[in-house]
Amino acid sequence: MARTALVTGGNRGIGRAGSEALARRGLAVVLTARDGDAARREAAALRGQGLDVRGEQLDVTDTASVDACAGRLAADGVAVDVLVNNAGILLDVDGPLLRTDLDVIEANIAVHFLGAVRTCKAFVPGMLARGYGRVVNVASGWGSISDGVPGPAGYALGKAGLRAVTRKLASEVRGDVKVNCMDPGWVATRMGGSGASRSPEQAADTMVWLATLPADGPSDGYFYDRHPYDW
Ligand SMILES: NC(=O)c1ccc[n+]([C@@H]2O[C@H](COP(=O)([O-])OP(=O)(O)OC[C@H]3O[C@@H](n4cnc5c(N)ncnc54)[C@H](OP(=O)(O)O)[C@@H]3O)[C@@H](O)[C@H]2O)c1
């Protein structure tokens, strides 16, 4: 039976491209978005291309929303084998740490850090129970610890936190469950802008690779274009 992948922020950008690429790879995809109508619309468009995609409302900052999505899937007998934590925000008021309002930093932590913790808590226990799972966390070079966390403070701290979530969870899982992190690079999406050097499809390649790693593949790693890099 095909594995099932759940993608957050799947309605546009890298999440949309990743959802399509995962489905083309033969996975059943749960394309989620905080706007349920947008999720269902994009899923329907992909189903129209013969792909196995279901749309679901899921806001990573809202525990009730995540739990409700998990409940609907469980009621339909859908087990999530792959979790792609892709949802992200980039606020134009974000900047240097000491000049960025706390609410901006909190908003970033809510999506990039706590959002991933929330979805992992909802879906990784099932992976552990079944003995198989892949978690793909979409981080950013701007959150690189080894490069000095160079991005705008809220975004960079949230993404640095996502790296920490990756390492912490990777240290706790067992069986054929792998937890990895990736940097998609500078990608032409609403977030990256039209001048970005990479396409969403290019970014989705590493996402699919990590989502479908074999049993002897890596875990607790950070990758760019399938190559490992320092945290
Ligand atoms: N583009 C780049 O150059 C770049 C570089 C490094 C890392 N990244 C990361 O790659 C990921 C995808 O980014 P992108 O470039 O595709 O950006 P995007 O086009 O702006 O898409 C962001 C996605 O995240 C969703 N989202 C935001 N808040 C959410 C929430 N609370 N719950 C669920 N979904 C939420 C958005 O939904 P709405 O449509 O409802 O807003 C949208 O689907 C992000 O994590 C981003 O930080 C991007």
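Whatever order the structure lists them in is the order used to number ligands and atoms, beginning at 1.
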(message) So which atom in L6 and which in C69 form the shortest heavy-atom distance, rounded to 0.1 Å?
(response) CD1-SG, 4.2 Å
Return a table of donor-acceptor pairs under 3.5 angstrom between the side chains of residues 87-96 and protein atoms on other chains or two or more places apart.
from : atom 1 : to   : atom 2 : distance (Å)
D94  : OD1    : A153 : N      : 3.4
D94  : OD1    : G154 : N      : 2.8
D94  : OD2    : N108 : ND2    : 3.4
D94  : OD2    : G154 : N      : 3.3
D94  : OD2    : Y155 : N      : 2.8

(request) Determine whether the side chains of R118 and T63 contain a donor N or O and an acceptor N or O closer than 3.5 Å. (result) yes
(request) Just grab all the side-chain hydrogen bond (donor to acceptor under 3.5 Å, both in side chains) pairs involving residues 161-170, residues at least two apart or on different chains. (result) N137-T166, R163-Y222, R167-D220
(request) Could you please provide the protein residues found below 4.0 Å of ligand 1 on a heavy-atom basis, arranged by chain and number? (result) G9, N11, R12, G13, I14, R34, L58, D59, V60, T61, N86, A87, G88, I89, V138, A139, S140, Y155, K159, P184, G185, W186, V187, T189, R190, M191, G192
(request) Mind checking ring-ring contact (aromatic ring centres under 6.0 Å, His included) for Y132 and listing every partner two or more places apart, or none if nothing turns up? (result) none
(request) Please determine which of T206, V135, L213 meets the side chain to side chain contact (heavy atoms under 4.5 Å, CB included) test together with N180. (result) L213
